[in-house]
Amino acid sequence: MMRIGNDIEEAAYWLRKGEVVAIPTETVYGLAANIYNEKAVEKIYTLKNRPKNNPLIVHLKSDKELSKYAVNIPVKAKILAQTFWPGPLTLVLEKSAQIPSHITSGKDTVGLRVPAKKILLELLHELDFPLAAPSANPSNRTSATSTDHIIEYFKGKPLAYALEGGACEKGLESTIIGFDKGEPVIYRLGALSIELIEKVVGKVTVFNKATEIILVPGMFSKHYAPKTKLLPVEDWKDYCKNNPNKKLLY
């Protein structure tokens, strides 16, 4: 049965045991496992019903670890890391030998980020390994931003522990940036705006080509799909007044 609490030592205990732990970040909650434990990583894919060709983001404790887990790092990648880490930015870089292929779906690149959530950083400093952590939701569902959502999605599932961190400050996934000949390419729009990025490294490209190759998380044609129906109206106040029996989310 899943336990929920703010005990960093308990969360670390389960991660060392090869279990999956729900973790809070400033963006959304994630399902975390030791990147070096292939069976634990397999549990993430099973819990989420996640396609195996969808790579996982690796969470580091500090930007000082960047050169340990990536090689041939572009200058602009280093500038972005120094500016926005800890924060809602994922950098896709050529992976070092420290990154196992079961994290990257066999690709030679890896998504890396340093989260800004204090309790998660404390947990990462307790561990001697980084955490693979995609968003804590079944595939094609909206991401969890509270432990209430974790319970809704994974009640009765083999999830060892959920680290309570309160509501996520951003509530939107990290922005993912890769590089083409050293120049930044945004592969997934997210919590870090293009405007802030361009203030630091100049004009960036947004990748929007149709492709069957999943380079980074979030590139499937259907992703983070809500079940709530969308009803476009010109004036929602007038609509509510004229349709008092309709239940709306706003």
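What's counted below: heavy atoms across the whole structure, side chains too, no hydrogens, waters or symmetry copies.
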Exercise for the section: Run the numbers on Trp14 and Glu10 for side chain to side chain contact (heavy atoms under 4.5 Å, CB included), then give the verdict. Expected result: CA-CA 6 Å; Trp14 288 115; Glu10 183 170 357; 3.3 Å; yes
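- The main-chain N or O of Ala162 is never found under 3.5 Å from a side-chain atom of Tyr29 such that the two would form a donor-acceptor pair.
- Judged by distance alone, the side chain of His102 and the main-chain N or O of Ile35 form a donor-acceptor pair under 3.5 Å.
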Handout entry: From CA spacing to verdict: side chain to side chain contact (heavy atoms under 4.5 Å, CB included), Lys95, Leu112
Key = CA-CA 9 Å; Lys95 73 183 185 74; Leu112 301 169; over 6 Å; no
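- Considering only residues two or more places apart in sequence or on other chains, Lys76 meets the salt bridge (charged side-chain N to carboxylate O under 4.0 Å, His left out) condition with Glu183.
- Looking only at side-chain heavy atoms (C-beta outward), Val200 and Phe84 come within less than 4.5 Å of each other.
- Heavy atoms only, all atoms of each residue included: Leu56 and Ala132 are closest at CD1-CB, 3.9 Å.
- Contact check for Ile119 versus Pro24: side-chain heavy atoms found under the 4.5 Å cut-off.
- At a threshold of 4.5 Å between side-chain heavy atoms, the hydrophobic network of Ile, Leu, Val, Met, Phe, Trp and Tyr places Val28 and Trp85 in two separate groups.
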Exercise for the section: Could you please spell out the steps behind the side chain to side chain contact (heavy atoms under 4.5 Å, CB included) verdict for Thr83 and Ile79? Expected result: CA-CA 6 Å; Thr83 304; Ile79 293 171; 4.1 Å; yes
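- In this structure, the side chain of Tyr36 engages the main chain of Gln98 through a donor-acceptor pair within 3.5 Å.
- Interatomic distance, CG of Asp108 versus CG of Leu93, reported as 11.5 Å (0.5 Å rounding).
- Residues Asn6 and Glu164 have side chains that never bring a donor and an acceptor to within less than 3.5 angstrom of each other.
- Thr175 contributes a side-chain N or O that, together with a main-chain N or O of Leu192, makes up a donor-acceptor pair within less than 3.5 Å.
- For Cys168 against Ala144, the heavy-atom pair with the smallest separation is SG-O, 4.5 Å.
- A distance of 10.0 Å separates CG of Leu60 from CG of Leu91, quoted to the nearest 0.5 Å.
- The OH atom of Tyr187 sits 11.5 Å away from the CG atom of Asn208 when rounded to the nearest 0.5 Å.
- The shortest side-chain heavy-atom distance between Ile197 and Leu80 falls under the 4.5 Å cut-off.
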Practice task
May I have the step-by-step check of side chain to side chain contact (heavy atoms under 4.5 Å, CB included) for Val204 and Ile177, ending in yes or no?
Solution key: CA-CA 9 Å; Val204 297; Ile177 296 182; 5.8 Å; no
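- Contact annotation: the side chain of Lys48 approaches that of Pro134 to within less than 4.5 Å [non-hydrogen atoms, C-beta and beyond].
- The CD atom of Glu9 sits 8.5 Å away from atom CZ of Arg16, with the distance rounded to the nearest 0.5 Å.
- With a 4.5 Å cut-off on side-chain heavy atoms, Thr142 and His149 do not count as touching.
- Scanning both residues, Lys107 and Pro55, for their nearest heavy atoms gives NZ-CD, 4.3 Å.
- Leu15 contributes atom CG, which lies 9.0 Å from atom CG of Leu163 (distance to the nearest 0.5 angstrom).
- No side-chain heavy atom of Met2 sits less than 4.5 Å from a side-chain heavy atom of Tyr161.
- Under a 3.5 Å cut-off, the side chain of Ser105 and the backbone N or O of Lys52 do form a donor-acceptor pair.
- Put simply, the side chain of Arg113 gets close to the backbone of Gly87: a donor and an acceptor are under 3.5 Å apart.
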Practice task
Mind running side-chain hydrogen bond (donor to acceptor under 3.5 Å, both in side chains) on Ser135 and Asn137 for me, showing each step along the way?
Solution key: CA-CA 6 Å; Ser135 56; Asn137 56 280; 2.6 Å; yes
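- Listed for the Lys43 side chain is a donor-acceptor partner under 3.5 Å among the backbone atoms of Gly18.
- Leu172 and Leu189 fall into different hydrophobic clusters, where Ile, Leu, Val, Met, Phe, Trp and Tyr are joined by side-chain heavy atoms under 4.5 Å apart, directly or via other members.
- Put simply, the residue from Val21, Leu131, Leu47, Ile23 that forms a side chain to side chain contact (heavy atoms under 4.5 Å, CB included) with Leu31 is Leu47.
- In this structure, CD in Glu122 is found 12.0 Å from CG in Leu127, a value given to the nearest 0.5 Å.
- One hydrophobic cluster holds both Val201 and Ile73 under the rule that ILVMFWY side chains link at heavy-atom gaps under 4.5 Å.
- When all heavy atoms are compared, the tightest approach of Ala22 to Leu159 is N-CD1, 4.0 Å.
- Between Ile99 and Thr104, some side-chain heavy-atom pair lies under the 4.5 Å cut-off.
- A continuous path of hydrophobic side-chain contacts links Ile57 to Val92 [ILVMFWY only; heavy atoms under 4.5 Å].
- In terms of heavy-atom proximity, Val20 sits nearest to Ala40 at CG2-O, 3.7 Å.
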Which side-chain N or O atoms in residues 62-70 pair as donor and acceptor under 3.5 Å with protein atoms at least two apart or in another chain?
| unit_1 | atom_1 | unit_2 | atom_2 | d |
| --- | --- | --- | --- | --- |
| Ser62 | OG | Lys64 | N | 3.0 |
| Glu65 | OE1 | Lys61 | N | 3.1 |

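- At distances below 3.5 Å, at least one donor-acceptor pair connects side-chain atoms of Ser193 with backbone N or O atoms of Leu196.
- Looking only at distances, no side-chain donor or acceptor of Glu152 sits under 3.5 Å from a matching main-chain atom of Phe154.
- Asn49 places none of its side-chain heavy atoms less than 4.5 Å from the side chain of Pro138.
- Distance alone, capped at 3.5 Å, is enough to place a donor-acceptor pair between the Tyr45 side chain and the Asn54 backbone.
- Residues Ser174 and Thr27 bring no donor and acceptor atom of their side chains to less than 3.5 Å of each other.
- Pairing each heavy atom of Thr25 with each of Glu169, the nearest pair is O-OE1, 4.2 Å.
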